[in-house]
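What follows is a short report on a single structure.
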Amino acid sequence: MLEIAAKCDALERKMQEKLAKLNADMLKAMTIVQAMPTPEYRQLLTLRYLTPARLSWEQIAEVMDYSVDHVKGYMHNAALNEARNVNTL
């Protein structure tokens with residue numbers, strides 16, 4: 001019985017560590033997106049990755065009033081490139 005409790009404790013600690021890393025990564029992503037200069041790119045990345053609903057490409061295209069191909073292709077690539085170049089220091 002003690003072995004099972006020890007394993008449960010170890011698993012819970014591991015889960016808490018992973019959750020803390022996930023939260024830190026989410027905060028970093030939010031900081032980068034908020035610092036992006038192009039509002040449309042900020043909106044796209046927020047809708048796709050940073051909202052609990054994680055909208056589909058079709059939903060994002062409808063919200064932003066663009067075609068799915070434009071949002072999923074050109075805009076997404078441009079937004080990711082802009083995010084890579086954000087200086088959050």
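- Ring geometry, His70 versus Tyr74: the interplanar angle falls under 30°, so the pair is classed parallel (tilted spans 30 to 60°).
- The aromatic rings of His76 and Tyr49 are tilted relative to each other, their planes meeting at an angle between 30° and 60°.
- Note: Asn77 CG to Tyr41 OH = 10.0 Å, rounded to the nearest 0.5 Å.
- The existence of a salt bridge linking Arg13 and Asp9 is excluded, since no basic side-chain nitrogen approaches an acidic carboxylate oxygen closer than 4.0 Å.
- One distance of note links CG of Leu55 with CE of Met64; it measures 11.0 Å at 0.5 Å rounding.
- The closest side-chain heavy-atom distance from Val33 to Val86 is not below 4.5 Å.
- At least one side-chain heavy atom of Lys18 sits under 4.5 Å from a side-chain heavy atom of Lys14.
- Lys28 has its side chain within reach of Ile32: a pair of non-hydrogen atoms, C-beta onward, lies under 4.5 Å apart.
- We find the CD-CE distance between Glu40 and Met75 to be 6.0 Å, quoted to the nearest 0.5 Å.
- For the pair Leu19 and Met15, the minimum side-chain heavy-atom distance is 4.5 Å or more.
- Arg54 contributes atom CZ, which lies 9.0 Å from atom CD1 of Ile60 (distance to the nearest 0.5 angstrom).
- Atom CE of residue Met36 and atom CZ of residue Arg42 lie 8.0 Å apart, to the nearest 0.5 angstrom.
- The 12-atom threshold is not exceeded at CD of Glu3, counting heavy atoms of other residues, nucleotides or ligands nearer than 6.0 Å.
- One distance of note links CD of Glu62 with CD of Glu58; it measures 10.0 Å at 0.5 Å rounding.
- Here the side chains of Leu50 and Met26 are in contact, with some heavy-atom distance below 4.5 Å.
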